[in-house]
Amino acid sequence: MASANDLIGSIHALKRRPAPDAALLLLQRVAAQVRPVMHKRGWRVGVLREFFPRTPNLLGLNVNRGAEIRIRLRSPHNDGELLAYPDLVGTMLHELAHIERGPHDAAFYALLDTLKAETELLMAQGYAGDGFFSRGQRVGQGCSHNAPRHAQLTPPQMAARALERRLRDERWWGAADLIVISDSEPDSDGVVVVIDD
C-alpha cells in the first residue's frame, strides 16, 4: 500500500501476481500523471487498486463515484506482461470521468475528451507528475530570475566590491591588514591579498 498524492488516499497492487513492486510503481505513476485534472475539478479518490478481472475486456471500474477506482494493469492473457502506460492513463481518465458522470452518454464522452486533451497537453510539455515522477531540474535552471547586479560583474570587479564593503565595515568589525595589488587600468584583473596576523 502506498499513497501517491494528496488526492488519492491509498494505492494497492496485487501481491500474488508477478512483479507487485513494478505494478505499484506503475499505479503511482498513473496517479501522479492525472493529479492536475483531479486537482482542477476538486476530485478525490479513496483507493486506487489494481485488479485482474476474469472478463478480458474489462479495463477499469469506478466504485461509488471515486470511493475506489480499480485498474487492470496486466494483459488478460499473461499476468506477467504490464499494459502500456498511455493506455493505463486513458483507463484512469475514463474512470475519473465517472466521478462526475455515470452513464456512457454524450456528456460523459465530452468530459472524457476534455480530460484526455488536458492530460495530453501536459504530457507533451513534459509533465510526468510531481515529486519523484517529475522531470527534475538543476537548481537555478528552468526558472525566471532577475539577475542581481553582482551577477553581471567580472570576478575582479566582484573582488573590488567586496574589498570596498570590508573597508566600509571596518569600523564595525575592526581593521584588517589588506594589501591591494592592481594594475592602473580600471578593467584590469587586479588581485586582492588579505594578510591575517
Side-chain angles (χ1 to χ4, degrees), residues 1-138 141-142:
M1 178 181 83
S3 180
N5 59 52
D6 57 328
L7 302 179
I8 298 178
S10 63
I11 298 177
H12 304 270
L14 295 173
K15 294 181 182 176
R16 294 187 177 159
R17 298 285 175 179
D21 292 339
L24 181 61
L25 185 63
L26 193 53
L27 279 173
Q28 290 172 325
R29 258 185 83 198
V30 169
Q33 186 70 62
V34 301
R35 186 185 183 287
V37 297
M38 292 178 67
H39 178 73
K40 181 177 182 179
R41 291 160 179 83
W43 291 345
R44 295 189 179 281
V45 171
V47 178
L48 176 59
R49 182 182 311 277
E50 176 188 10
F51 80 146
F52 193 75
R54 290 186 180 161
T55 308
N57 62 344
L58 182 58
L59 300 176
L61 186 66
N62 182 325
V63 178
N64 198 19
R65 295 196 172 214
E68 182 175 333
I69 289 181
R70 299 175 189 170
I71 303 287
R72 175 192 289 277
L73 296 183
R74 302 163 192 276
S75 166
H77 309 293
N78 178 1
D79 66 353
E81 179 184 336
L82 296 172
L83 299 175
Y85 178 73
D87 295 338
L88 298 174
V89 171
T91 300
M92 181 68 174
L93 291 172
H94 180 104
E95 298 310 324
L96 286 172
H98 281 303
I99 291 174
E100 192 168 304
R101 187 76 184 154
H104 291 110
D105 59 8
F108 172 84
Y109 284 108
L111 174 60
L112 181 57
D113 288 344
T114 301
L115 298 177
K116 285 181 178 180
E118 289 175 16
T119 303
E120 287 170 0
L121 178 62
L122 288 168
M123 291 173 82
Q125 294 171 343
Y127 181 83
D130 296 332
F132 181 76
F133 298 102
S134 69
R135 287 187 306 176
Q137 294 178 343
R138 286 187 181 164
Q141 288 187 342

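Within the 4.5 Å cutoff, no side-chain heavy atoms of Leu73 are placed close to those of Leu14. Val30 is not listed as a side-chain neighbour of Ile71, based on a closest heavy-atom distance of 4.5 Å or more. Residues Ile99 and Val45 are in side-chain contact: their nearest non-hydrogen atoms beyond the backbone lie under 4.5 Å apart.
Remark: Glu120 pairs with Lys116 by the side-chain contact (heavy atoms from CB on, under 4.5 Å) rule, at least two apart or across chains. Partners of Phe52 according to the ring-ring contact (aromatic ring centres under 6.0 Å, His included) rule, which considers only residues two or more places apart in sequence or in another chain, do not exist here. Partners of Arg35 under the side-chain hydrogen bond (donor to acceptor under 3.5 Å, both in side chains) rule, at least two apart in sequence or in another chain, are Asp6. With sequence neighbours excluded, the residues that form a side-chain contact (heavy atoms from CB on, under 4.5 Å) with Pro18 are Arg74, Asp79. Looking at residues two or more places apart in sequence or on another chain, you find no salt bridge (charged side-chain N to carboxylate O under 4.0 Å, His left out) involving Glu100. Residues satisfying the salt bridge (charged side-chain N to carboxylate O under 4.0 Å, His left out) test with Arg101, not counting sequence neighbours, are Asp105. Residues satisfying the side-chain contact (heavy atoms from CB on, under 4.5 Å) criterion with Ala84, sequence neighbours excluded, are Pro86, Asp87. Contacts of Asp113 classified as salt bridge (charged side-chain N to carboxylate O under 4.0 Å, His left out), with partners at least two apart in sequence or in another chain: none. Partners of Ala22 by side-chain contact (heavy atoms from CB on, under 4.5 Å), not counting sequence neighbours, listed by chain and number: Ala19, Leu82.
A salt bridge does not link Arg17 with Glu50: every distance from a Lys NZ or Arg NE/NH1/NH2 to an Asp or Glu carboxylate oxygen is 4.0 Å or more.
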Which is it for Val34 and Leu115 under the side chain to side chain contact (heavy atoms under 4.5 Å, CB included) test, yes or no, and what are the steps along the way? CA-CA 9 Å; Val34 301; Leu115 298 177; over 6 Å; no

Side chain to side chain contact (heavy atoms under 4.5 Å, CB included), that's the test. Do Leu88 and Met92 meet it? Break it down for me. CA-CA 6 Å; Leu88 298 174; Met92 181 68 174; over 6 Å; no

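His12 contributes atom NE2, which lies 9.0 Å from atom CG of Leu48 (distance to the nearest 0.5 angstrom). If you take CD1 on Ile11 and CZ on Arg49, they are separated by 11.5 Å, rounding to the nearest 0.5 Å. In this structure, Arg41 CZ and Thr114 OG1 are separated by 7.0 Å, a value rounded to the nearest 0.5 Å. Within the model, atoms OG1 of Thr91 and CZ of Arg72 stand 10.0 Å from one another, a figure rounded to the nearest 0.5 Å.
The two atoms that bring Leu7 and His39 nearest to each other are CD1-N, 3.5 Å, heavy atoms only. Nearest heavy-atom pair, Ala32 versus Ala128, reported as atom, atom and distance to 0.1 Å: CB-O, 4.3 Å. Across every non-hydrogen atom of Thr119 and Gln33, the tightest pair is CG2-CG, 4.3 Å.
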Please list every donor-acceptor pair under 3.5 Å in which a side-chain atom of residues 53-65 meets a protein atom from a residue at least two apart or in another chain.
unit_1: Asn62; atom_1: OD1; unit_2: Arg65; atom_2: N; d: 3.3
unit_1: Asn62; atom_1: OD1; unit_2: Gly66; atom_2: N; d: 2.7
unit_1: Asn62; atom_1: ND2; unit_2: Glu95; atom_2: O; d: 2.6

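Evaluation of the ring-ring contact (aromatic ring centres under 6.0 Å, His included) test over residues 71-102, restricted to residues two or more places apart or in two chains, returns His94-His98, His94-His104, His94-Phe108, His98-His104, His98-Phe108.
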